[in-house]
Every structure is written in C-alpha cells, then in structure tokens.
2 protein chains.
Amino acid sequence: MTRSEENYLKIIFHLGGSNSTPITTNAIAEQMETKPSSVTDMAKKLAEKGLVNYKKYQGVSLTDQGTKTALSIIRKHRLWEVFLVKKLDFSWDEVHEVAEQLEHIKSEKLIDKIDELLEFPKFDPHGDPIPSKDGKFMVRDKQLLSEVAIGDKGVCVGVKDSSAPFLKFLDKNKIALGHTIQVLEKEDFDQSLHIAMEGRELRISHQIASNLYVKKNE
Amino acid sequence: MTRSEENYLKIIFHLGGSNSTPITTNAIAEQMETKPSSVTDMAKKLAEKGLVNYKKYQGVSLTDQGTKTALSIIRKHRLWEVFLVKKLDFSWDEVHEVAEQLEHIKSEKLIDKIDELLEFPKFDPHGDPIPSKDGKFMVRDKQLLSEVAIGDKGVCVGVKDSSAPFLKFLDKNKIALGHTIQVLEKEDFDQSLHIAMEGRELRISHQIASNLYVKKNE
DNA sequence: AATTAAATTTAGACAAAACTAAAAATAGGT
DNA sequence: ACCTATTTTTAGTTTTGTCTAAATTTAATT
Ligand SMILES: [Mn+2]
Ligand SMILES: [Mn+2]
Ligand SMILES: [Mn+2]
Ligand SMILES: [Mn+2]
C-alpha cells in the first residue's frame, strides 16, 4: 500500500463510499485536491487490487477489504491525534496536519502500544470515534446544535468542521467538548442562537451551530 | 526535501562525508541498497541544491547546509528510538526499523515536544549521541572492548553493530549498556576474551568484543 | 608507457502519481 | 427525441527515483 493509495481509500470512506455507495470521480478529486483524470487512474489501480468496486462512469465504492484498510488508516490517524493532545500538549487545531503524516507509519506494534499508552481512547480530540483493531467503532447518537429545540440541553461532543480556523474560534469563545449547552432562543431572522453554557450566555451564528455536535440529555 | 534525499544525506554523513571528506559513489550505493548510477543522479540533484559538493569522479561530501540537514534527520531518528524504548517498551533491537520511518515526519514542534517528554536525552538506546537542535552532540571517549588491556575495567556504553541479531545476542547473554566489564584474559589463539561482568564471568568472541564500546574507568 | 581492471558516468527505459487537452458518455431541459 | 452542459475517461506528458547496458574515466600492473 502506497501513501497515495491509503489517502484515496480514506477519502472514499469519508465520502460514504462504504456500504457499496458509489462516490463520484469529481467528489474524490475535490477532496484529494487532484484532477478527475488522476482519480480515474487510481480507481483502476485500486480496483485491480480488490480494494474498490469500479465500473466506468459508475463511480467508486469500497470493497470489504478496502473498508477494512480505510478504517485502519483512520484508526491510526485518530490515535495519533489523541497522542499529540494528551501526551505532547498540542492543541486540537494543530494535530490534524501532523496526523496526516503519522497515519502512514507502518508498524502494527507501534499503533497498538500508542493505543495502550493512551488507555484505549474511544474518541479523538474532535469527538470522532476511533475504530478498534477489527474495524468497529461507536456511533454516538448526536445531533447538530442547530437542530436542537429551544429549551433543550445537550453536551457538546464533537465538531463537524475540524478546520483550524473553526477550532481556534471555539477556543477563543471558550466552547469546548464536554460543556453543557442549553438553547435559550433561536433568532428567526438569521438563525442565530442564544445559548447558555458553563454559567454564561452567548449568541452564536447559524454557521457555528451547524458545525457543533451535541448529545441531548435524556 | 524528499524522503530519498534525506536518506542519502544521512548515509553520506554516516560514511564520514562531513568535514569535506569525499565518499565514493559505490560506498553510498551499497549503503542505500541501490545502484551506483542512481547515486550519480542523486549527487547531481543534491549538488544543485547546495547540500553536497560533487565533482565528476571525485566523490561526494556534505556542505555545511548538508551536514546540518543530515544531523537534524539523525536527531529525529535517535529521539524516536528513545521514545519507542522508554515510553512504548520496545526492545532496542526493534526500534531502528520504525525510526527509519518516523525520522521523516515533518514537524519541528513534534520532535521538540518528544525531546521534552523524554527529558532531553543525550544518547539513544544503542549509545549513539543525539545531536541538539543546532547540530552539536557529545563525543564520548570510548573504545572497543577488544582494545581494552588485560586487567582494565570499563562501563559498556554503546554498540558498533546495532543489527537486531547482535542486539538479541547481547540480550540473551545479559550484556547491557551500563554494565561494568573487566577484561580478565585474552586468548592468543582466537582473540576471545574472558571477562567479568555483574558478578559473573564469561567468555566472548573477538567478533563480539570488537562491536562493543566501553568507557574506561579512570 | 601501454594495457587491463575497477569505478563512475551517460543514455535510454520504466513505474508511480500527477498533469493538460481532447474525446466519449451521461444527464437535463426543452 | 434531440441538443447541450457536465462528468468522466483516454491519450499523451512530466517529475521523481530507480534500473540496465554501454561508454568513459581513473587506478593499478605489467
Ligand atoms: Mn494521509
Ligand atoms: Mn480528528
Ligand atoms: Mn530513512
Ligand atoms: Mn540507534
């Protein structure tokens, strides 16, 4: 498995290409920051290796083997992110870039030992689940803050957009995973929310609310 | 800097190509497990970038910039080796292969934090010195056990051959860095040594003795 | 000094992963 | 059903790092 092949599999998985849902050439090209013609070439190569299903003009989906491989890369990526935050004091907006490199290190023992050192975390710093060695992971029932009804409370458990600018914005406004949020009011005009959190009240835009996941309290 | 360029610089350094000592094409090819013609190609490219001095048929040596780069790769390699041993319980014969990959991860912050986590170690698990950020490192006055005079004592501080088979042999015979060794007798016939170490006596071949570094006691 | 052996470089080719430009297939709108 | 816009594929290049085979230079030996 080359680094490039691994990145393609990971991206196809993230675009939903597991469960034999076909993903378009253009969608993959956009995520890979490459050209559609390059995606076609790689689709053929991965199909040759039995990692994806590919029929001309019909898009690409992962085989079981391809899904398994994608999950093992994602497992490594997220474990390294946890490592960087918990053991090396990186902030959650700095880890993704480095994890993009570390995820390609080939050593089963290494990642198992990292997992052990971190005491087998189930979620990464952005709230995304960490697949186990055999490719299983928790699906947390969560919803976007923008879809929570007025008056309801929830715990912030993840971000949808994990870009550095968004994460830095959250830091600046002291919004962090684990905080409890109550929706006080929704502004009809611009969909902004008035929320209560950790003993203070603040107003956040729809754009922010639709990139924050909360787990509703029972 | 590509991974391949980094590996070439590291190998030229290890062959003594710092201090403007020219290293032959063949020697580099052998270490890189590649063909001499490939080395010539790379020599041109590295010369183009100002990392090596290269004149046709005259061998290759590192420039100051090339030496600096080589030392930063070696620094990363050795720090990762310490990390693997101290934090993840790898044995000293398992770390080299993984460090060969980790040494190419590009993040200044990452390696500085690893350095800090390890409390700024000065030597790697094989007794090799770890260069500082500015490329300085300790030169320990050590000598091969095979060159120690009869009756003299020394502390085992490093290995010359750090291949897995040799390291495993040392483990099996409970020879480890930090142990004090006294040479009791040298066998004229096969140059084997009779030594005392940690309260027991044993006989070791010349081949072993000439791959173990000791620091003589004053 | 001439010959031979060894080391090194050149020339041409290849695989991986990307690109551009052109051709082909699909999907939408009338 | 036809035309058009979009998507996708093909064909032909490029770059990086390698290779083989042939040519050249250097070193060693007579
Ligand atoms: Mn990647
Ligand atoms: Mn993440
Ligand atoms: Mn390397
Ligand atoms: Mn070492």
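The sequence lines fix the lettering, A, B, ..., with proteins before strands; numbering per chain opens at 1. Just the heavy atoms: all of them, side chains too, but no hydrogens, waters or symmetry mates, feed the values below. Bear in mind the structure is a predicted one, so any value in this text is a computation, not a measurement.
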> Where along residues 17-35 of chain A does a heavy atom fall under 4.0 Å from DNA chain D?
Replying inline: T24(A), T25(A), N26(A)

> Under the 3.5 angstrom rule, does the side chain of T63(B) hit a backbone N or O of L51(B) as a donor-acceptor pair?
Replying inline: yes

Whole-Å gap separating [atom2] ([N]) and [atom1] ([X]):
X	N	atom1	atom2	value
K56(A)	dA27(C)	NZ	C1'	19 Å
R3(A)	dA18(C)	CZ	P	12 Å
Y54(B)	dT25(D)	OH	P	13 Å
M42(A)	dC19(C)	CE	P	11 Å
K44(B)	dA11(C)	NZ	C1'	10 Å
L46(A)	dA18(C)	CG	C1'	15 Å
D41(B)	dA21(D)	CG	P	17 Å

> At under 4.0 Å between heavy atoms, what does S38(B) touch on the DNA or RNA strands: base, sugar-phosphate, or nothing?
Replying inline: base

> So is R140(A) actually on top of F123(A)'s ring, under 6.0 Å and inside 45° of the axis?
Replying inline: yes

> Has K113(A) got its NZ or CZ under 6.0 Å from the middle of the six-membered ring of F90(B), at an angle within 45 degrees of the ring axis?
Replying inline: no

> Would you say a side-chain N or O of S4(A) is under 4.0 Å from OP1 or OP2 of dA18(C)?
Replying inline: yes

> Crowded around D161(B) CG? As in, over 12 foreign heavy atoms under 6.0 Å?
Replying inline: yes

>> Please determine whether the number of non-hydrogen atoms from other residues, nucleotides or ligands lying under 6.0 Å from atom NZ of K86(A) exceeds 12.
In response: no

>> Are S38(A) and Y8(A) packed together at the side-chain level, in the sense that at least one heavy-atom pair is separated by less than 4.5 angstrom?
In response: yes

> Within a strict 4.5 Å, meaning less than it, do heavy atoms of the N7(A) and E100(A) side chains meet?
Replying inline: yes

>> Between dT20(C) and S37(A), counting only base atoms on the nucleotide and side-chain atoms on the residue, is there a donor-acceptor pair under 3.5 Å?
In response: yes

> Which one, dA25(C), dT8(C), dA18(C), comes nearest to the side chain of Y57(B)?
Replying inline: dT8(C)

> If each of Q58(A) and T2(A) is mapped to the nucleotide of DNA chain C with the nearest heavy atom, which maps nearer the 5' terminus, i.e. the 5' end?
Replying inline: T2(A)

